[in-house]
**Q** 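This is the structure, below, for whatever I ask next.
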Amino acid sequence: MFETESEVLAWYERQPRALTREFIDSIPWREVPDHALNPAFIPVLFYMRDVEYFTDIYHKEMLRTPTGKDPVILKFMDRWSVEELQHAELLNRFLAEADLPTGEKWQDEARAKIPWRYTIENYFMDWFTRPFGRHFHGVHMVWGAINEITTLQGYRRLADLAGHPILKTLLTAIMQEESIHSNFYWSIARLKLNQAKFSRDLARFIVGKFWTPVGQGAKPEHETNYVMAALFRGSSGLDHFRRTVSNRIEGLPGFDGFQAITERVAPILQAP
Ligand SMILES: [Fe+2]
Ligand SMILES: [Fe+2]
């Protein structure tokens, strides 16, 4: 366990990239079409690609908030946002190699579909968080931890369920980076929440009331629900989510017995 936020940052900066140029060049991209890809997971790949890409928008939003001005978080986000964008590019490359329709302008197309409501809500969210100052850092970090852990576990399920060996190779490397991101957010969240009871109460309240699965808002709810159900369907999927995502969040200060995120996804995963 880390004692200070600077230690967490130093740890993060010591982690080597999994997606090095040599690794990317070693992927047998040309063999991608030789393997079958379960069509149920094609929309999942497009969704993941776009949500990875939207990190760029989220990063810019965060820089405007007090959390984004925190020196440790600011430094982390410089590298983190580059890694997430690369995940988007690599998923796009996989889709293109699999002969699935990805145009030159896929970023513009994905961005154009973001509803106005999402942009406006984010603008007001910034104003809403300001009075809470540093107490809101914990909310952002818990939120980030849940999203990173969900993404990591989502990729794990996708790698297993899609049954495509080259996709699995790519996702395994992406997962290593998501695991590092998860650990960063979780560790900073723990330290921020330990600072004050008010931060813990605020984080538990806000996350419990407003959390939705990663990507929802920028993407329509029915797409998010499709992705969550494709990856974590049924009681075994729900159990996986509870064990790997929810239990990890319950280990944060002030989150003992916190069931809200499992309760939020349960009806989606158990729908017939
Ligand atoms: Fe990512
Ligand atoms: Fe990540």
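Order of listing sets the numbers, starting from 1, for every ligand and every atom in it. We're numbering straight along the sequence, starting at 1. For clarity, every value in this text was computed on a predicted model and none was experimentally measured. Values reported hereafter were calculated over all heavy atoms of this structure, with side chains retained and with hydrogens, waters and symmetry mates removed.
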**Q** Counting backbone and side chain alike, does Glu52 bring an N/O/S atom below 2.8 Å of the Fe ion (ligand 1)?
**A**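 An N, O or S atom of Glu52 is closer than 2.8 Å to the Fe ion (ligand 1), so yes.
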**Q** Do Tyr185 and Phe76 have their ring centres less than 6.0 Å from each other?
**A**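 Judged by ring-centre distance (under 6.0 Å), Tyr185 and Phe76 do meet the cut-off.
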**Q** Can you tell me the angle formed at the Fe ion (ligand 2) by OE1 of Glu148 and OE1 of Glu178, to 10°?
**A**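 That angle is 90°.
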**Q** Given the ring of Phe258, does Arg204 sit roughly above its face, with NZ or CZ under 6.0 Å from the centre of the six-membered ring and within 45° of the axis?
**A**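 Verdict for Phe258: no cation-pi partner in Arg204.
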**Q** What is the name of the N/O/S atom in His87 that sits closest to the Fe ion (ligand 1)?
**A**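 For His87, the N/O/S atom sitting closest to the Fe ion (ligand 1) is ND1.
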**Q** Report yes or no: does His181 have an N/O/S atom closer than 2.8 Å to the Fe ion (ligand 2)?
**A**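 It does; at least one qualifying atom falls short of 2.8 Å.
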**Q** Does CG belonging to Asp25 count more than 12 external heavy atoms closer than 6.0 Å?
**A**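 Yes.
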**Q** Answer yes or no for Glu84: is there an N/O/S atom below the 2.8 Å cut-off from the Fe ion (ligand 2)?
**A**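 Of the N, O and S atoms in Glu84, at least one lies under 2.8 Å from the Fe ion (ligand 2), which means yes.
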**Q** Which pairs count as ring-ring contact (aromatic ring centres under 6.0 Å, His included) when at least one residue sits in residues 85-108, sequence neighbours excluded?
**A**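 Pairs touching residues 85-108 that pass the test: Tyr53-Trp106, Phe94-His164.
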**Q** Within 45 degrees of the axis of the six-membered ring of Trp211 and under 6.0 Å from its centre: does Arg264 put its NZ or CZ there?
**A**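 No, Arg264 does not lie over the aromatic ring of Trp211.
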